[in-house]
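What follows is a set of notes on a single structure, which appears directly below.
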Amino acid sequence: MTILQPFDKYEYEHDLLEWYDREKRDLPWRRERDPYRIWVSEIMLQQTKVDTVIPYYERFMSQFPTVDALADADEEQVLKAWEGLGYYSRARNLHAAVKEVQSAYGGVVPNSEEEIHKLRGVGPYTAGAILSIAYNIPAPAVDGNVMRVLSRIFAIYDDIAKPATRKRFETIIREIISTSRASDYNQALMELGAMICTPTKPACLLCPVQAHCQAREQGVQELLPVKAKKKKPKSVTLQAYVLITEDGRFIVEKRPETGLLANLWQFPTALDGETMEKFLENYGVDIIKSENTQRVRHVFSHIIWEMDVYRVQISGQPKLMDRQELVTLEEISEKAFPVSHQKIIKETLKGEG
DNA sequence: AATACGTGGTT
DNA sequence: TAACCAAGTAT
């Protein structure tokens, strides 16, 4: 038995859904039940706040309204639509998965656990979210909200940063989820976590299920959930070169296909330690003028980039390396750049073109 | 299991 | 400020 005795799942379901029916936010992806749209919203919402997602979601849906529209798009277009949202592998995986749905499933998002979980970028949470929200299938969709709510309801002290903990919560959800309103049930749990059962200072007095909450009863709601601390990101110093030709164009390059910021565009960079002369040697050009224009500090989840930016006017025809292009300012605006390099465009290229 | 993978907002 | 957080997934 996973759940403690005094818990009445039917009363809990009733109280939770009654509150959800009354208080749920009017969000763009709640106005429809197109599985494709639900899918896109769930990918965007991974580790990303609702307020951040909304404008991206609206633009993305206008640009790629259907499975076919997205499947037929170029990856460059998709990444451009994702620019600034972060975790860019989400966009590339979604694109690949939608192509798969188009070719293998006739454009219909699958509704079985095995098939949907095979899709790139669809893990246990997203699989459950699509199955329940789009198809009303009673599958668990355990995200950070749900783990927080359940750890409080049942006073569970397992570390929610551990993968094994999510599985325990999935087991609990399978036991208590509404069989008739799985879609609303999962969304209500997440909505509760977002609006009432918040990480700090949960609004227990407003909580529709406070009568069912063991943490509340024991006064330990602020101690839950237990979550291991993250490690500090490590600093990396590098140089970024804005190389400007005599006709006012810029050298940009596409990052590697894997790893950090995969397939996004950037200005050429050198690891700290290499001199500018050595770095520019490869391009076979002369330096007309060089100035250190800015210092960019950009914090990722696991790294901090400290970039010294140099604006370098060059003469001669630069020799371009693999994945590099010579482009105008307008062409730059059509490519997807990470925020770190957008800072360079904003400062070092202002007044250019 | 632990780590890589972005960004912006809060405290 | 530094730390933490947000509808996670792939490896």
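Lettering follows sequence order; numbering is per chain, from 1. The figures here come from the full heavy-atom set of this structure, side chains too, leaving out hydrogens, waters and symmetry mates.
When distances are taken from the side chain of Pro338(A) to each of dT7(B), dG6(B), dC5(C), the shortest belongs to dT7(B). The side chain of Thr126(A) lies closest to dG8(C), out of dG6(B), dG8(C), dA6(C). Checking dG8(C), dA2(B), dT7(B) against every side-chain atom of Tyr87(A), the shortest atom distance belongs to dG8(C). With dT3(B), dG6(B), dT9(C) as the choices, the nucleotide that has an atom nearest any side-chain atom of Pro124(A) turns out to be dT9(C). Of the candidates dA10(C), dG6(B), dA7(C), dA10(C) carries the atom nearest the Arg120(A) side chain, counting heavy atoms from C-beta on. With distances taken from any side-chain atom of Asn145(A) to the nucleotides dG8(C), dA6(C), dG8(B), the minimum falls on dA6(C). Residue Leu260(A) has its side chain nearest to dC5(B) when only dG8(C), dA7(C), dC5(B) are considered. When distances are taken from the side chain of Leu27(A) to each of dT7(B), dC5(C), dA7(C), the shortest belongs to dA7(C).
Under a cutoff of 6.0 Å and an axis angle of 45°, Arg59(A) and Tyr57(A) do not form a cation-pi pair.
Note: Tyr12(A) and Phe7(A) have tilted aromatic rings, judged against thresholds of 30 and 60 degrees for the angle between ring planes. Ring pair His298(A)/Phe300(A) is perpendicular by interplanar angle, where above 60° counts as perpendicular and below 30° as parallel. Ring geometry for Trp39(A) versus Tyr36(A): interplanar angle over 60°, hence perpendicular rather than tilted (30 to 60°).
Here Val50(A) lies in heavy-atom contact (under 4.0 Å) with a base. Using a 4.0 Å heavy-atom distance criterion, Gly84(A) is classed as a sugar-phosphate-only contact. Note on Thr52(A): nothing from the nucleic acid sits closer than 4.0 angstrom, heavy atoms only. Using a 4.0 Å heavy-atom cutoff across all strands shown, Ala262(A) reaches no nucleic acid atom at all. The residue Val299(A) sits close to a base: some heavy atom pair falls under 4.0 Å. Contact annotation for Arg255(A): no contact, since no heavy-atom pair falls under 4.0 Å across all strands. Using a 4.0 Å heavy-atom cutoff across all strands shown, Leu189(A) reaches no nucleic acid atom at all.
For dA2(C) and dC5(B), the P atoms lie 23 Å apart once the distance is rounded to whole Å. Separating the C1' atom of dG6(B) from that of dA6(C) is a span of 12 Å, rounded to the nearest Å. dT11(C) and dA1(B): their C1' atoms are spaced 11 Å apart (whole Å). A distance of about 15 Å separates the P atoms of dT10(B) and dA7(C), rounded to the whole Å.
As rounded to whole Å, 12 Å separates atom P of dT3(B) from atom NE2 of His302(A). Between Arg297(A) atom CZ and dT1(C) atom P there is a gap of 8 Å when expressed in whole angstrom units. Rounded to whole angstrom, the span from the CZ atom of Arg90(A) across to the P atom of dA4(B) amounts to 19 Å. Between Leu85(A) atom CG and dG9(B) atom C1' the separation is 14 Å, expressed in whole Å. Rounded to whole angstrom, the span from the CD atom of Glu222(A) across to the P atom of dC5(C) amounts to 13 Å. The distance between atom NZ of Lys162(A) and atom C1' of dG8(C), rounded to the nearest whole Å, is 17 Å. Nucleotide dA6(C) holds its P atom 20 Å from the OH atom of Tyr56(A), rounded to whole Å. In this structure, NZ of Lys343(A) is placed 8 Å from P of dT7(B), rounded to the nearest angstrom.
Note that CZ of Arg166(A) and OG1 of Thr171(A) are 10.0 Å apart. Values are rounded to the nearest 0.5 Å.
The residue among Pro163(A) and Thr200(A) whose nearest nucleotide of DNA chain B lies closer to the 5′ end is Pro163(A). Nearest-nucleotide positions on DNA chain B place Ala164(A) closer to the 5' end than the other of Ala164(A) and Ser89(A).
Scanning residues 28-36 of chain A for heavy-atom distances under 4.0 Å to DNA chain C yields Trp29(A), Arg30(A). Near DNA chain C, meaning a heavy atom under 4.0 Å from it, residues 37-49 of chain A has Glu42(A), Leu45(A), Gln46(A), Gln47(A), Lys49(A) in order of number.
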What donor-acceptor contacts under 3.5 angstrom involve side-chain atoms of residues 285-293 of chain A, with partners at least two apart or in another chain?
residue	atom	partner	partner atom	Å
Asn292(A)	ND2	Val309(A)	O	2.8
Thr293(A)	OG1	Val309(A)	O	3.3
Thr293(A)	OG1	Thr348(A)	OG1	2.7

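Using a cut-off of 4.0 Å between Lys/Arg side-chain N and Asp/Glu carboxylate O, Glu170(A) and Lys167(A) are scored as not salt-bridged. A salt bridge is defined here as a Lys NZ or Arg NE, NH1 or NH2 lying under 4.0 Å from an Asp or Glu carboxylate O, and Asp51(A) with Lys49(A) fails to meet this definition. Under 4.0 Å is where a charged nitrogen must lie from a carboxylate oxygen, and between Glu175(A) and Lys9(A) no such pair does.
In this structure, Pro268(A) and Phe279(A) approach most closely via the heavy-atom pair CB-CZ, 3.7 Å.
The closest side-chain donor-acceptor pair between Glu42(A) and Tyr125(A) falls under 3.5 angstrom. A side-chain donor-acceptor contact under 3.5 Å links Trp265(A) and Glu76(A).
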